[in-house]
Visitor: 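Below are the structure tokens for one structure; questions will follow.
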Amino acid sequence: MIELDDDAPAALAGAGSSERVLANIVANALNHSPADRKVVVQATSQDGSAVTRIIDHGPGVSPEARATMFQPFQRFGDDTSGGVGLGLAVARGFMTAMHGVLSAEETPGGGLTVTLSLPLAGKSDAPSPCLPGPGGGAVTTVLVVATTSRTTVLVVDDEPQIRRALATNLRAREFDVVLAETGRAALQLAADRHPDLVLLDIGLPDLSGIEVVHGLRGWTEVPIIMLTVRSEEADKVEALDAGADDFVTKPFGMNELLARMRAALRRTASGGEAVPVVAVGQLRIDLADKRVERSGQAVHLTPTEWELVEHLVRHGDRLVTQRQLLTAVWGQNFDDESGYLRVHMANLRRKLEADPSHPRHFKTEPGMGYRFLTDGDEQR
């Protein structure tokens with residue numbers, strides 16, 4: 001149930017950030033509320049602020065737990081959400097960044113009421129929304145982020161020699177590097193520092209790398225490249241299905257890693273959206289008109305072949321697992337039919353690649369899936 005004043009005021013806040021905070025709090029309320037009790041969202045103005053209250057009638061949180069509930073890694077009662085307890089801490093970080101306040105109190109009659117207070121829009125003395133800085137503090141202006149030329153990379157690996165090697169190589173190439181050796185430290189640093197890219201080891205001493213991916217994907221689309229060993233193929237697929245963008249296999253060369261980082265950062269810079277027309281080598285792929293040309297000549301594709309091309313191109317340079325492709329093109333009931341993919345990908349290469357036996361753009365990652373390379377000359 002949503003209750004709004006007729007003259008409910010507008011808040012001075014980032015639309016995306018405030019939406020994430022509200023979605024997180026409402027999801028928590030629904031998760032802990034009895035099926036026969038509604039969650040109420042109220043919006044009003046109070047003491048010069050735009051105030052939103054999310055009211056549930058679940059088991060509530062004890063006064064002792066309420067004192068720490070917005071700290072990282074807190075889980076309460078019979079929480080079965082499967083998260084790692086970072087959502088409320090991230091929500092508080094977003095609210096602090098927008099010069100807002102996030103608080104909680106007991107709902108009369110039982111339950112929890114979470115209150116979001118933000119500056120009113122149009123107040124001349126209201127500070128501009130800003131972003132969290134290191135340690136959870138606030139950077140004074142969004143322009144700090146917009147004008148910096150350095151990219152921040154969070155490196156997560158429990159092997160000291162790998163952390164040192166990556167830090168040395170990346171800093172030499174003018175990246176800012178943040179280091180973590182555990183999954184919990186990685187999630188905390190991601191919330192505090194908002195890195196532009198994460199290099200994440202699958203095998204960690206506390207949380208698994210896959211759990212860290214789930215924790216990150218609950219609130220951010222930051223590119224994640226997994227660091228793996230050859231024997232972890234099933235884990236690679238699980239991590240990619242969970243939301244990781246790519247992987248490199250240990251031992252790896254810096255040139256390969258940097259190529260994958262560039263590809264991931266390009267997607268971020270473009271907002272993750274494929275441009276309407278992609279031209280690579282002899283291929284010209286028009287996503288809007290659903291048209292493919294090779295060397296200036298139109299190529300006829302079946303509807304299934306086009307769906308495969310479109311899905312791969314929209315994930316340009318990113319590995320797409322077999323299960324992701326099968327589900328996207330054929331549906332949930334076909335997620336194990338890898339033979340379908342082999343046949344159709346072979347047909348696509350005959351139509352679109354100059355040398356189908358050595359494809360330049362539609363590449364196979366054995367046992368994993370496929371990727372469309374926007375630069376067929378990059379080291380892979």
Side-chain angles (χ1 to χ4, degrees), residues 84 86 133-135 148-217 220-240 242-269 317-319 363 365-368 371 373-375 377-380:
V84 295
L86 192 67
T148 182
S149 60
R150 295 177 72 92
T151 298
T152 299
V153 179
L154 172 58
V155 176
V156 189
D157 200 297
D158 62 338
E159 297 183 46
Q161 63 272 27
I162 291 181
R163 292 199 306 275
R164 285 195 298 268
L166 287 174
T168 299
N169 277 278
L170 293 175
R171 285 167 179 156
R173 292 167 172 83
E174 299 189 348
F175 289 95
D176 284 333
V177 180
V178 182
L179 301 175
E181 59 181 299
T182 67
R184 290 180 180 274
L187 290 170
Q188 179 66 73
L189 285 167
D192 288 345
R193 298 293 299 270
H194 293 261
D196 301 294
L197 185 140
V198 177
L199 300 178
L200 174 62
D201 188 20
I202 278 187
L204 296 171
D206 53 351
L207 306 174
S208 72
I210 294 166
E211 288 179 297
V212 176
V213 172
H214 281 297
L216 291 171
R217 284 293 174 256
T220 179
E221 292 300 316
V222 62
I224 304 171
I225 299 177
M226 307 300 295
L227 309 178
T228 74
V229 297
R230 294 189 184 278
S231 61
E232 295 171 331
E233 185 169 293
D235 289 337
K236 294 174 189 175
V237 174
E238 187 177 358
L240 291 164
D245 293 79
D246 208 342
F247 71 93
V248 291
T249 300
K250 299 177 182 178
F252 51 81
M254 279 304 298
N255 286 340
E256 177 189 10
L257 177 61
L258 289 167
R260 307 221 180 205
M261 289 173 61
R262 287 194 299 271
L265 291 167
R266 280 198 300 268
R267 289 192 297 274
T268 303
D317 293 302
R318 176 179 175 179
L319 188 145
K363 303 287 286 186
E365 296 281 359
M368 302 288 296
R371 74 172 84 228
L373 296 186
T374 56
D375 183 351
D377 294 326
E378 276 193 359
Q379 178 69 35
R380 294 286 170 182

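Bear in mind the structure is a predicted one, so any value in this text is a computation, not a measurement.
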Visitor: Taking side chain as C-beta onward, heavy atoms only, is Met261 less than 4.5 Å from Val153?
Guide: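 Of all side-chain heavy-atom pairs linking Val153 with Met261, at least one is under 4.5 Å.
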Visitor: Name the one of Arg266, Arg260, Arg371 that satisfies salt bridge (Lys or Arg N to Asp or Glu O under 4.0 Å) with Asp317?
Guide: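 Result: among Arg266, Arg260, Arg371, Arg266 is the only option passing the salt bridge (Lys or Arg N to Asp or Glu O under 4.0 Å) with Asp317.
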Visitor: Under the salt bridge (Lys or Arg N to Asp or Glu O under 4.0 Å) rule, what do Asp245 and Arg217 come out as? Steps first, then yes or no, please.
Guide: CA-CA 11 Å; Asp245 293 79; Arg217 284 293 174 256; 2.9 Å; yes
Visitor: Is Arg193 paired with Asp176 through a side-chain N to carboxylate O contact shorter than 4.0 Å?
Guide: no
Visitor: Quick one, Met368 and Val237 - any side-chain contact, counting heavy atoms below 4.5 Å?
Guide: yes
Visitor: Do Leu216 and Leu187 have side-chain heavy atoms sitting under 4.5 Å apart?
Guide: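 In short, these two side chains touch, coming nearer than 4.5 Å.
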Visitor: Less than 4.5 Å apart, side chain to side chain, heavy atoms only: is that true for Glu211 and Leu204?
Guide: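 Heavy-atom side-chain distance check fails, nothing below 4.5 Å.
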Visitor: So do Met254 and Leu166 actually touch side chain to side chain, heavy atoms under 4.5 Å?
Guide: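 Yes. Closest side-chain heavy atoms under 4.5 Å.
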Visitor: Sort out for me which residue in Leu154, Leu170, Val248 forms a side chain to side chain contact (heavy atoms under 4.5 Å, CB included) with Leu199.
Guide: Leu170
Visitor: Are Leu265 and Asp196 side-chain neighbours, meaning at least one heavy-atom pair lies under 4.5 Å?
Guide: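 They are in contact (side-chain heavy atoms under 4.5 Å apart), so the answer is yes.
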Visitor: To check you understand the geometry: which heavy-atom pair defines the closest contact between Ala186 and Val212, and what is its length?
Guide: CB-CG1, 4.5 Å
Visitor: Under 4.0 Å between a side-chain nitrogen and a carboxylate oxygen: does that hold for Lys250 and Asp201?
Guide: yes
Visitor: Taking the side chain as every heavy atom from C-beta outward, state whether Thr220 and His194 have any atom pair closer than 4.5 Å.
Guide: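 No - every pair of side-chain heavy atoms lies 4.5 Å or more apart.
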Visitor: Do you know the tightest heavy-atom contact between Pro205 and Thr182?
Guide: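 Between these two residues, the closest heavy atoms are CG-CG2, 4.0 Å.
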Visitor: Between Arg163 and Asp157, is there a salt bridge with N-O shorter than 4.0 Å?
Guide: no
